[in-house]
Each structure stands twice: as C-alpha cells, then as structure tokens.
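Below you'll find the structure, written out as structure tokens, and then a few comments.
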Amino acid sequence: MKIVHDIKSLREFLQDKKNIGLVPTMGYLHEGHLSLVNEAKKISEHVVMSIFVNPLQFGPNEDFDRYPRDFDRDCQMAQDAGADVVFAPSVSEMYPDKSFTTVHVSSVTERLCGASRPGHFDGVATVVSKLFHIVQPTYAFFGLKDAQQVAVIQQMVNDLNFPVKIIPCPIIREKDGLALSSRNVYLSPEEREQALVLSQSLKEARRFIEEGERDIRAVINHIRSLIGSKPLAEIEYVEVLSYPSLQTLKRLEGRFIIALAVKFGKTRLIDNLIMSLQEVS
Ligand code: PAF
C-alpha cells in the first residue's frame with residue numbers, strides 16, 4: 001500500500017487510474033471505516049483512503065487537539081483491509097497560507113448537529129470538496145452514523161455537479177449495540193455502559209412505531225425518558241425529521257430519521273435510525 005502526504009504526488013500516482021473509490025476518514029480507524037473500504041473494493045479498482053483530522057470542522061471548544069490519532073496503526077489496518085493508497089496530508093498541505101473559500105450548504109445543515117455545532121458542516125463540505133478535486137473519485141463512501149453528513153455531501157454533490165457517486169454505508173455496531181466511533185475511546189467503563197441506552201432507545205422507538213405509533217412527540221418523549229434514566233447522560237437533541245431533507249414533520253410519514261446526540265461526561269455521541277413507514281406496514 002502506498003502512503004502519500006502531498007497533493008502533487010497523489011495526483012501523479014492517480015493520473016492514469018480510473019474507477020477510484022475514496023474513503024475519507026479522520027483516522028483512528030475502527031471496523032466502521034474498514035467496512036467502507038470493503039464496500040469500496042467491491043465496486044472500485046483503486047481504493048484511496050484519506051486520513052486527515054480536519055481543523056475546519058471543529059469548533060473552538062471542541063476536541064481537535066485531543067482527537068485520537070495513531071497513524072502507524074491506521075496504515076496497518078488500511079493495508080490489511082485492502083486499501084491501495086493512504087493520503088495523509090498535513091494541515092499546511094491542505095490549507096496553505098490563508099484560504100478565502102468555504103463551501104456552505106444551507107437547509108440540510110440547519111438542524112441536528114448543524115444547530116449544535118455552528119460551522120461544522122462548512123468545514124466538512126469544504127474539506128470533502130477539496131478531497132473530491134484532489135482524488136477525482138468515481139465513488140465516495142460515507143458511514144450513515146453521520147447521516148446528516150451524508151445528506152449534506154449528497155446535496156453539495158447535486159448542487160455543484162461533482163462527478164462522483166456517493167455511497168452511504170450502514171452503521172457498524174459493537175455486539176452490544178454501541179455504534180462504532182473513534183470517540184468511544186474517551187468513555188469510562190461506566191459511561192460506556194450507560195451509552196448503550198442510545199441504541200436501545202432507537203430499538204425501542206422502532207418497536208413503538210412498528211406497533212402503530214405515529215405521533216412524533218410520543219416517540220421523542222419515550223426516547224427522552226429512556227435516556228434520561230441514565231444519570232451520566234446529558235441529552236443534546238432527540239429529533240425526528242424527514243430524511244434526507246431534514247425537515248420538520250407533523251406526523252410520521254415517508255422516509256424519516258430518528259437522530260440522537262447525547263453527552264457522557266466530555267464525550268459527545270451520536271446515533272440514528274433511518275426508516276420508512278413502508279417497512280412496517
Ligand atoms: O466523517 C469524517 O470522518 C469526516 O467528517 C470527514 C468526512 C472525513 C471529513 O473530514
């Protein structure tokens with residue numbers, strides 16, 4: 001597997017290659033990232049994984065400095081999973097001098113993490129559009145744990161005519177249900193135990209809906225009371241919105257997302273369930 005740190009060398013390496021699959025990551029890889037490489041290998045000839053902790057998408061009081069990093073381990077895991085190239089630029093390689101251009105996607109960025117992390121999706125859209133221009137992939141693979149991110153990137157690709165097909169991939173969970181995240185390493189054993197309430201409450205919500213519940217408030221209240229029973233949990237949001245447009249719904253209809261963000265100590269976790277009523281009726 002090739003490891004490249006600068007844009008010029010990556011472009012040279014890729015120039016005669018076609019059918020490239022891009023797996024953008026911020027490193028500290030886990031099975032969720034490896035499942036993206038796996039999906040990429042099924043339909044692409046060359047798999048490029050980017051590893052870049054993007055400062056633009058972290059707020060001033062967020063965890064950019066302490067975001068977990070282990071480059072050697074990441075490269076070993078990417079190689080074992082079958083990636084062909086790791087592209088790991090420095091911050092100055094991606095953002096030399098001053099940049100004056102930001103990509104802003106409106107509407108789908110207004111709720112959920114967009115509301116609680118101002119500027120976050122500008123950072124994501126900007127770095128992902130740079131990666132798309134640098135790598136020029138045929139496909140790009142994103143995990144649905146960050147379902148709003150997938151919606152934002154798909155909107156950007158539609159609006160700006162990027163010639164890339166976005167492939168959303170399912171959430172990968174631990175055996176006990178916890179959605180995989182690089183940030184899970186921050187959790188104390190007690191917080192990790194209580195964090196199981198996220199996936200459990202989504203399961204409960206699905207059961208509620210399958211049994212006929214259509215009132216969004218009732219679904220939200222049920223989830224809130226389950227999460228609220230965990231003393232270490234601090235709810236940031238529990239929302240039910242249309243997906244992928246992320247608009248308010250009066251009643252459950254069409255395709256929708258039940259999205260959660262909950263803090264355990266300093267660690268902010270997100271999880272979600274995307275479903276449609278056709279599945280249950
Ligand atoms: O999902 C992530 O890890 C990041 O938001 C991404 C897409 C790599 C952009 O920095």
Side-chain angles (χ1 to χ4, degrees), residues 7 10 20-37 39-40 47-59 62-71 73-75 77-78 81 83 85-91 93-95 99 102-105 108-109 112-114 116-135 137 139-157 160 162 164-172 179-186 244 259 261 267-272:
I7 296 167
L10 184 70
I20 297 169
L22 172 65
V23 178
T25 81
M26 297 207 299
Y28 213 70
L29 303 182
H30 51 63
E31 288 298 324
H33 299 110
L34 304 184
S35 74
L36 302 181
V37 175
E39 288 307 309
V47 177
V48 179
M49 174 186 277
S50 62
I51 299 182
F52 179 61
V53 186
N54 172 33
L56 241 55
Q57 68 189 74
F58 289 79
E62 294 185 355
D63 56 348
F64 174 69
D65 288 329
R66 66 179 197 114
Y67 194 83
R69 294 161 169 90
D70 190 338
F71 186 61
R73 177 174 157 273
D74 285 349
C75 286
M77 288 172 78
V85 191
V86 159
F87 173 52
S90 62
V91 172
E93 178 70 6
M94 284 300 270
Y95 303 116
S99 295
T102 303
V103 180
H104 174 73
V105 180
V108 280
T109 56
L112 309 178
C113 296
S116 46
R117 302 182 69 188
H120 168 69
F121 286 116
D122 289 359
V124 171
T126 303
V127 80
V128 171
S129 44
K130 283 175 72 89
L131 289 169
F132 286 173
H133 285 304
I134 294 165
V135 177
Y139 306 104
F141 300 80
F142 294 89
L144 277 166
K145 187 171 81 66
D146 297 301
Q148 186 172 21
Q149 172 170 279
V150 174
V152 170
I153 290 166
Q154 185 62 69
Q155 190 65 52
M156 175 185 87
V157 162
L160 299 181
F162 279 92
V164 57
K165 186 166 169 45
I166 302 303
I167 314 283
C169 300
I171 299 177
I172 305 295
L180 294 191
S181 161
S182 303
R183 290 187 169 100
N184 289 351
V185 291
Y186 299 150
T267 310
R268 180 179 178 279
L269 299 181
I270 56 172
D271 202 346
N272 71 77

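Counting from 1, the numbers follow the sequence of the chain as shown. Whatever order the structure lists them in is the order used to number ligands and atoms, beginning at 1.
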By ring-ring contact (aromatic ring centres under 6.0 Å, His included) - contacts of His104 (at least two apart): none
CD/Glu62: more than 12 non-hydrogen atoms of other groups inside 6.0 Å: yes
Between Tyr95 and Asn54, a side-chain donor and acceptor under 3.5 Å: yes
Between ligand 1 and the protein, which N/O pairs fall short of 3.5 Å?
unit_1   : atom_1 : unit_2 : atom_2 : d
ligand 1 : 1 (O)  : Gln149 : NE2    : 2.8
ligand 1 : 5 (O)  : Gln57  : NE2    : 2.9
ligand 1 : 5 (O)  : Gln149 : OE1    : 2.7
ligand 1 : 10 (O) : Gln57  : OE1    : 2.6

Pairwise side-chain contact, Tyr28 with Val53, heavy-atom cut-off 4.5 Å (strictly under): no
Nearest heavy atoms of Gly27 and Ile51, plus distance in Å: CA-CG2, 3.7 Å
Proximity of Phe162 and His133 rings by center, below 6.0 Å: yes
